[in-house]
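Each remark here refers to the structure printed beneath this line.
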Amino acid sequence: MWLSKSLRFSLFPTHTKLPPFLPILTSHFCASSRSQTCLHDEAISRFNSLLHMRHVPPIFEFGKILGLLVKMKRYTTAVSLIKQMEFKGILCNLANLSLLMNCFFHLDQLAFAFSVFAKTLKRGYHPDVITLTTLIRGLCDKGEVEKALILHDKIVTLGFRLDEFAYATLMNGLCKIGETKAAIKLFRMIEGRSRVTYNIIIDGLFKDKYTKEAYDLYSEMVVNGISPDVVTYNTLVYGFCLVNQLEEAFGFINEMLSNSIMPNVYTYNILIDALCKQGKLREAKNVLGVMVKAYVKPNHFSFNALMNGYCLVNQVKNAKQLFNAMTQMRVSPNVRSYTIMINGLIKNDRMDEAINLFQEIQQKNMVPDTVTYTTLIDGFCKYGRITYVWDLIDDMHNRNQQPNTITYNCLLDALCKSYNLDKAFELYNTMMENGIQPNKYTWNILLDGMCKGGKLEKAQEIFKDLLIKGYPLDVCSYNTMINGLCKKGFLDEALTLWSKMEDNGCLPNVITFKIMSRALFEKDEIDKAEAFLCEMVSRGLL
DNA sequence: GTAGGGTTAG
């Protein structure tokens, strides 16, 4: 009962202005360790001294430093040191070449990465399992999982055996693009499944909301004598939070504690985020307090989750306070922090402050990403300041932040709501030409636009078509159509759709009931309208 | 191998 106990008292009185956990945080975490910059400079000077020794030191001495730099994510430095090394006539070994390839992948220079691989072969090295795993991981990380799979098939055909690290990498890549089934196929194919491979598949299943299957696999893992570690538990906690089963999630927290596995920053952040999304801000804040007391330093994720939570319950003031406080904690806001604040400010009618923050991003030499732009674009759309929108879209292109489905959805919604249906469809065509796939929001926006823009029949046609194709329409799609039908006086058809939706596995919500009862009241069908309201109450929808 | 931000219906 670790959390419930800690929740009984509040660590944070509500009357103070500054986040009260700040003093605790600063005293805990400000004891300085040697900075990354310092280590980085030391590595460079050590490398240089190796380079200038009268007798060339063994190559692995260079490799050690290069490995350290990669661990510190100083890829550019590693590349430049390897260049200097080769310039001096000290040739890379296979390990150095794999490391170099890895650096180029991280630097998004795929062509260079492949040329290093070509160089490896040209120099007569036989790529080992590490070289191949580096290639597989590079491809997966850059969204080329398909190519990684082809590479895997080739490697196997050539009679080479990959190890469990390589398979874990490949399975993780597959899960990340939603190909959990393919990952499971590999998982069942290989022998000697490790904890890491179990963790990957369990996580993939949870993210696809196959909660039971994920849990079953966890049980299988335990039966096979593999004990869960902190990552396994985090995966379980996250998986149950994802389907709003927080009780189960906390059950696993208790289980991990009784197995003497300490929660880490991921564990706490998962809990903070889940609590925030349920609007339980007080509890979320308490988790942060518990975390700090356990000497686990909050990071971007922790602060962003909490800020987002405050915005969700319309407490932008508290979010802003946290935003200002994180800098003092040496966790400077990142682009996501800014986006959360911009969104919160816009939703609270503080457009000008949102614009100021947007400008602050650029002043700090950060680049707003597609989500930041989309947030601001949606704000301008809803405030009817359309001229700014096109400037922002130009800006996006100039900064190589491409609009995606959601960006288009915001624009489509703006066009529909201002009765520019033709322009909306024009934009829809542009979207398709640019290879951007519509999602269910797109259809709901367009259906609503058609219903309200005098194209009810067209909307019905498209709606039917989507139904036939088995497109995952949701309660919002049904509500849109039912409302459209009601508004044009087709009450019978609305009722038919109403009775169909539940058969199609879509439960009506409060909005459905409100639409129906209002339409019935307007037609003086008072009894029926009241029956709907009663039904709504009896279903617990209030 | 595990965590975060933006879009729709009354």
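These numbers come from a predicted model, not from an experiment. Below, chains carry the letters A, B, ... as their sequence lines are ordered, and counting in each starts from 1.
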Gln402(A): side-chain hydrogen bond (donor to acceptor under 3.5 Å, both in side chains) partners, not counting sequence neighbours =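 Only Asn400(A) meet the side-chain hydrogen bond (donor to acceptor under 3.5 Å, both in side chains) criterion with Gln402(A).
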
For Asn509(A), enumerate each residue passing the side-chain hydrogen bond (donor to acceptor under 3.5 Å, both in side chains) test, keeping only those at least two apart in sequence or located in another chain.
->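 Scan of Asn509(A) (side-chain hydrogen bond (donor to acceptor under 3.5 Å, both in side chains), adjacent residues dropped) gives Asn479(A), Thr512(A).
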
Which of these nucleotides, [options], is closest to any side-chain atom of [X]?
X: Val475(A); options: dG6(B), dA3(B), dA9(B); value: dA9(B)
X: Thr374(A); options: dT2(B), dG6(B), dT7(B); value: dG6(B)
X: Asp413(A); options: dT2(B), dT8(B), dG5(B); value: dT8(B)

Near DNA chain B, which residues from [range] have a heavy atom under 4.0 Å away?
range: residues 503-518 of chain A; value: Asn509(A), Ile511(A), Lys514(A), Ile515(A), Arg518(A)
range: residues 445-455 of chain A; value: Ile445(A), Asp448(A), Lys452(A)
range: residues 346-358 of chain A; value: Lys347(A)

Please report the distance, rounded to the nearest Å, between [atom1] in [X] and [atom2] in [N].
X: Met291(A); N: dA3(B); atom1: CE; atom2: P; answer: 15 Å
X: Tyr408(A); N: dT8(B); atom1: OH; atom2: P; answer: 18 Å
X: Met396(A); N: dG6(B); atom1: CE; atom2: C1'; answer: 10 Å
X: Gln401(A); N: dG6(B); atom1: CD; atom2: C1'; answer: 13 Å
X: Glu522(A); N: dG10(B); atom1: CD; atom2: P; answer: 13 Å
X: Asn409(A); N: dG5(B); atom1: CG; atom2: P; answer: 17 Å
X: Tyr338(A); N: dG5(B); atom1: OH; atom2: P; answer: 19 Å
X: Ile406(A); N: dT8(B); atom1: CD1; atom2: P; answer: 10 Å

Does [X] reach a base, just sugar-phosphate, or nothing at all? Heavy atoms under 4.0 Å.
X: Tyr238(A); result: sugar-phosphate
X: Ser302(A); result: nothing
X: Thr405(A); result: nothing
X: Val335(A); result: base
X: Thr372(A); result: base
X: Thr339(A); result: base

Hey, is the side chain of Thr375(A) pairing donor to acceptor with the base of dG6(B) inside 3.5 Å?
->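 Not at all, since no donor on one side and acceptor on the other fall under 3.5 Å apart.
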
Record whether the side chain of Asp474(A) comes under 3.5 Å of the base of dA9(B) through a donor-acceptor pair of N or O atoms.
->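 Under the 3.5 Å cut-off, the side chain and the base do not form any donor-acceptor pair.
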
Over 12 non-hydrogen atoms of neighbours within 6.0 angstrom of NZ in Lys364(A) | yes

Distance-only check: which donor-acceptor pairs under 3.5 Å involve side-chain atoms of residues 172-185 of chain A, not counting sequence neighbours?
{"residue": "Asn172(A)", "atom": "OD1", "partner": "Lys176(A)", "partner atom": "NZ", "Å": "3.1"}
{"residue": "Thr180(A)", "atom": "OG1", "partner": "Asp208(A)", "partner atom": "OD2", "Å": "2.6"}

Among all residues two or more places apart in sequence or in another chain, which pass the salt bridge (charged side-chain N to carboxylate O under 4.0 Å, His left out) test with Lys277(A)?
-> Asp273(A)

Residues at least two apart in sequence or cross-chain that pass salt bridge (charged side-chain N to carboxylate O under 4.0 Å, His left out) with Asp141(A), listed by chain then number, are none

Tell me whether the OP1 or OP2 atom of [N] has a side-chain N or O from [X] closer than 4.0 Å.
X: Lys417(A); N: dA9(B); result: yes
X: Lys277(A); N: dA3(B); result: no
X: Lys207(A); N: dA3(B); result: yes
X: Asn483(A); N: dG10(B); result: yes

Ring of Tyr441(A) versus six-membered ring of dT8(B): centres under 5.5 Å and planes under 30°?
-> no

Among Phe490(A), Phe513(A), Tyr478(A), the one residue meeting ring pair (Phe, Tyr, Trp, His ring centres under 6.0 Å) with Trp498(A) =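 That would be Phe513(A).
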
With sequence neighbours excluded, tell me which residues meet ring-ring contact (aromatic ring centres under 6.0 Å, His included) with Phe187(A).
-> Tyr198(A)

Scan residues 307-326 of chain A for pairs that pass ring-ring contact (aromatic ring centres under 6.0 Å, His included), counting only residues two or more places apart or in two chains.
-> Phe323(A)-Tyr338(A)

Contacts of Ile526(A) that satisfy side chain to side chain contact (heavy atoms under 4.5 Å, CB included) - sequence neighbours left out =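 Ile526(A) satisfies side chain to side chain contact (heavy atoms under 4.5 Å, CB included) with Phe521(A), Asp524(A), Glu530(A) only.
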
Qualifying salt bridge (Lys or Arg N to Asp or Glu O under 4.0 Å) pairs, either residue in residues 435-457 of chain A, two or more places apart = Lys440(A)-Asp474(A), Asp448(A)-Lys452(A)

Are Tyr373(A) and Phe358(A) close enough that their ring centres sit under 6.0 Å apart?
->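 They qualify: ring centres under 6.0 Å apart.
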
Would you check, one step at a time, whether the test side chain to side chain donor-acceptor pair (under 3.5 Å) holds for Thr339(A) with Thr372(A)?
-> CA-CA 5 Å; Thr339(A) 308; Thr372(A) 322; 2.9 Å; yes

